[in-house]
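Below: the structure, in structure tokens.
All figures in this text were calculated on a predicted structure; none of them were measured in a lab.
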Amino acid sequence: MTTRINIDAGGTFTDCFTLHDGDVVSAKTPTTEHDMSECFFQGIDKCARQLDLSLEDLIGDVDSIRYSTTTAMNRLIERKGPKLGLLTTAGVQDYPQIGRGPRWADGLTDSEQRNISDAKKPEYLVPDSRTNGIRERVDSEGNVLRPLDEEHAREQIRDLVDKGARAIVVNLLWSYAYPDHEQRLRELVREEYPPSYLGSIPVFLSSEVMPTKQEYERTNTTLLDAYLSELMQEHIADIKDRLEAHGYEGDIQMLHNTGGMAESYKTTAVETFNGGPVAGLKGGEYLCDVLDYDKAVVTDMGGTSFDIGILTRGGVQSYEFEPVIDRWRVSGTMIESKSIGAGGGSIASVNDELGGRIEVGPESAGADPGPACYNRGGTQPTVTDADVVLGFIDPEKFYAGNQRLAVDRAEEAIETHVAEPAGMDVAEAASNIRRITDGNMGNTVRKETMLRGHDPREFALYSFGGAGPLHAASYSSYLDIDTVVTTPYSPVFCAMGSATMDTLHIYEQSESMYLRDSGEEAEYGTDYETFNEVVAELKAKGRRDIKSEGYDPDEIVYDLELDMRFGGQIHVARIRSPRIELTDESDVEAVCDHFIDQYKDRFSPYSVTPSHGITVENFALRARVESPDIQLPTASMQQPDPSPARAGSRDIRWSGADGFVSTPVFEYEDLRAGMEIDGPAVVDADYTTTAVPEGWEYRLDEYRNGILENGGTQ
């Protein structure tokens, strides 16, 4: 018996996807921000009841529990972390505040960046008053130029604590090449504030969190990890305590933004950022394999945001190596995705300064109080309110019938805040809210695909999230995409995607070395020993961590990636190395040739300059253990007539229509594989509704995926 529980805690809802002995069930529950363990167990309990099991019986059979959460990001936005102190090399302690040139733009939207006069650098996580310089100096080769002054260091440590620091971050120049000074500083902190004391001070070393070049990014990464670790530890500990009380003896596997997962005690707080959307992308990879699609745009419209990812060659090809978390540029490898404030809870308003223009988002009503139609005290109109007013959502069936929506509240909110200020009736205002939202989503997807050099017309569009299928046909029209895929698990797709993910650790180490000298005649580097030593050290870390998680080290699959550049260049390009180790000149030549080919493909053949030399600047080793493949249930194909699933009709105001149109309604649970529905129609499921506009066809395949296809009339 195999039982795998997958939880994705979002800003509005928490989703649970459970595999149990061949059965697949899923559930949604409102996110309980006051106690995240509550929504965690509510989701599991709902799945247990669908399987006719008690909560204890289901948890007692679990092989793995996989978890992604927005807790870290939410707390960072709210700035609710502990006071930090920073120790760095004396003489350069101002560089965190100075940052890099474009720091003011990190994390800002395009419109905010265009308004340069109002743009401000973010307030740094550590003020100048709690940033102290330490007397020491190491050069770029790891040679000690000035020994660590331990007495001075003790004074600086005590000064930080006296000023309120409750955690200390250490980031010394070139510490990745010589970590001994950082390690000794940690010992000094422990000597001054022993772990056995109530006033003990946790210490975070940059040489352990991210041993790579770029002082600013390395500092930010370590600071964020320190800022969020205590919160995440408490959060996970609460869940573990409740799991143990129900008989679960294993650890929680946390989803990483690298595209893999690991046990919580082998996970840094920074790695949990954006874990949910990344899981959705990995679920999209699984669908590409099942449905035989080579290119797909993965979109997820939830209650708070709209997430976008691009899949080519059947999988993820785009990574960020200096990603921005909130307002901070960090080091690390993160799967690239885009998120905008366009969800069911996005708030609509009228901008008087722009001639009464209707705008939607990025502010969200969240889960509490939520949209006005939730009748929980919310008064601002949202996208969900517009969908209810337009008839797309049945107010009696929302959230599997567990939450009755107040249509009058939605109408009142739209009338007060949008219709009257814009000089239009409520239905017209609601139509404009929906049109603007769909346009924002469609145009964002178009930009993300085209800026990567792709033609969106060559892609299928995967539409997930509770609100995705309701809007997918509309925002796909901005892309000229004629095929939209929804699944039975669209409302919980990020949780489903986590079930497909492998255990994965990525280890990075900066080390600069020539692989090819400059000159027309190639002379390849011969320092095989240094190259192989770096790889061996990274592999040893992988074996250590993965073995401690209970896996056989012989099951580990290693992939080596290298940050490389041509001589004279500043920026690097990362490539998948064709060799893990170097033994002779042919291996070096193979790595250089592969770099040249990848560079040509990514940029241009005219930008390739091997005669300037080729260097490696950074090593990134992936240590991966494959998870067992999941098997989703299939059904036999039936006749195309959908009439057995017909559940009456309701009045809906479609885009471009002058008024409301009586529209056929179908129940998803009553549809069978092979049935086909011609638009206009809507398909109601427990946690989502699929809109099928006129000119579109909706059919179910053997996996009960809903395939929307445009017949060409729109």
Side-chain angles (χ1 to χ4, degrees), residues 83-99 124-163 165-195 200-227 229 268 270 330-332 507-513 530 533-534 537-538 540-541 544 617-619:
K83 290 183 177 180
L84 302 179
L86 175 62
L87 296 176
T88 189
T89 302
V92 297
Q93 58 263 41
D94 290 327
Y95 75 81
Q97 298 288 346
I98 297 171
Y124 207 59
L125 293 172
V126 181
D128 285 334
S129 60
R130 293 200 303 273
T131 301
N132 288 352
I134 299 296
R135 294 172 185 167
E136 68 86 44
R137 193 66 165 86
V138 174
D139 68 14
S140 62
E141 301 297 324
N143 302 309
V144 178
L145 304 179
R146 181 181 189 182
L148 177 65
D149 186 336
E150 294 192 5
E151 190 57 39
H152 177 259
R154 290 180 188 274
E155 294 175 1
Q156 300 309 307
I157 291 168
R158 289 193 290 265
D159 179 67
L160 290 180
V161 175
D162 289 343
K163 291 177 178 176
R166 291 298 171 260
I168 291 178
V169 170
V170 183
N171 185 39
L172 304 179
L173 291 181
W174 309 108
S175 60
Y176 66 86
Y178 185 83
D180 297 43
H181 284 179
E182 287 196 351
Q183 293 167 0
R184 180 55 184 156
L185 284 170
R186 176 167 55 194
E187 293 173 359
L188 294 177
V189 173
R190 288 175 175 173
E191 290 174 9
E192 293 290 325
Y193 306 96
S200 64
I201 303 294
V203 182
F204 297 81
L205 307 184
S206 70
S207 55
E208 294 180 350
V209 174
M210 185 54 63
T212 58
K213 293 183 177 181
Q214 306 294 352
E215 311 302 330
Y216 177 64
E217 288 80 0
R218 189 169 75 244
T219 304
N220 287 346
T221 306
T222 313
L223 281 169
L224 286 173
D225 199 53
Y227 193 73
S229 283
T268 65
V270 173
V330 301
S331 295
Y507 305 94
E508 298 196 33
Q509 177 67 50
S510 289
E511 182 71 41
S512 182
M513 59 183 298
T530 299
E533 283 179 353
V534 173
E537 290 174 3
L538 298 178
K541 292 180 180 179
R544 176 200 65 199
E617 298 294 338
N618 191 67
F619 292 70

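Put simply, the side chain of Thr221 gets close to the backbone of Ser331: a donor and an acceptor are under 3.5 Å apart. With hydrogens and angles disregarded, a donor-acceptor distance shorter than 3.5 Å links the side chain of Asn132 to the backbone of Gln156. Remark: the backbone N or O of Val126 is paired with a side-chain donor or acceptor of Gln97 at under 3.5 angstrom. In terms of modelled atom types and a separation under 3.5 Å, the side chain of Lys541 and the main chain of Tyr507 share no donor-acceptor contact. A distance-only check finds a donor-acceptor pair linking the side chain of Thr89 to the backbone of Leu173 [under 3.5 Å]. With Glu182 contributing its side chain and Ser207 its backbone, the two residues share a donor-acceptor pair below 3.5 Å.
With values rounded to the nearest 0.5 angstrom, Lys213 atom NZ is found 11.0 Å from Gln509 atom CD. A distance of 10.0 Å separates CG of Leu87 from CG of Asp159, quoted to the nearest 0.5 Å. We find the CD-OG1 distance between Glu215 and Thr88 to be 7.0 Å, quoted to the nearest 0.5 Å. With values rounded to the nearest 0.5 angstrom, Thr219 atom OG1 is found 9.5 Å from Leu172 atom CG. Taking CE from Met210 and CG from Asn220, the interatomic distance works out to 12.0 Å, rounded to the nearest 0.5 Å. Here CD1 of Ile201 is found 13.5 Å from CZ of Arg158. Values are rounded to the nearest 0.5 Å.
No side-chain heavy atom of Glu511 sits less than 4.5 Å from a side-chain heavy atom of Glu537. Leu185 is not listed as a side-chain neighbour of Val203, based on a closest heavy-atom distance of 4.5 Å or more. The closest side-chain heavy-atom distance from Pro179 to Leu205 is not below 4.5 Å.
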Inset, instruction - Begin from the C-alpha positions of Tyr176 and Asn618 and carry the test side-chain hydrogen bond (donor to acceptor under 3.5 Å, both in side chains) through to its verdict. - result: CA-CA 11 Å; Tyr176 66 86; Asn618 191 67; over 6 Å; no
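Applying the side-chain contact (heavy atoms from CB on, under 4.5 Å) criterion to Glu191, with sequence neighbours excluded, gives Arg154, Arg184, Leu188.
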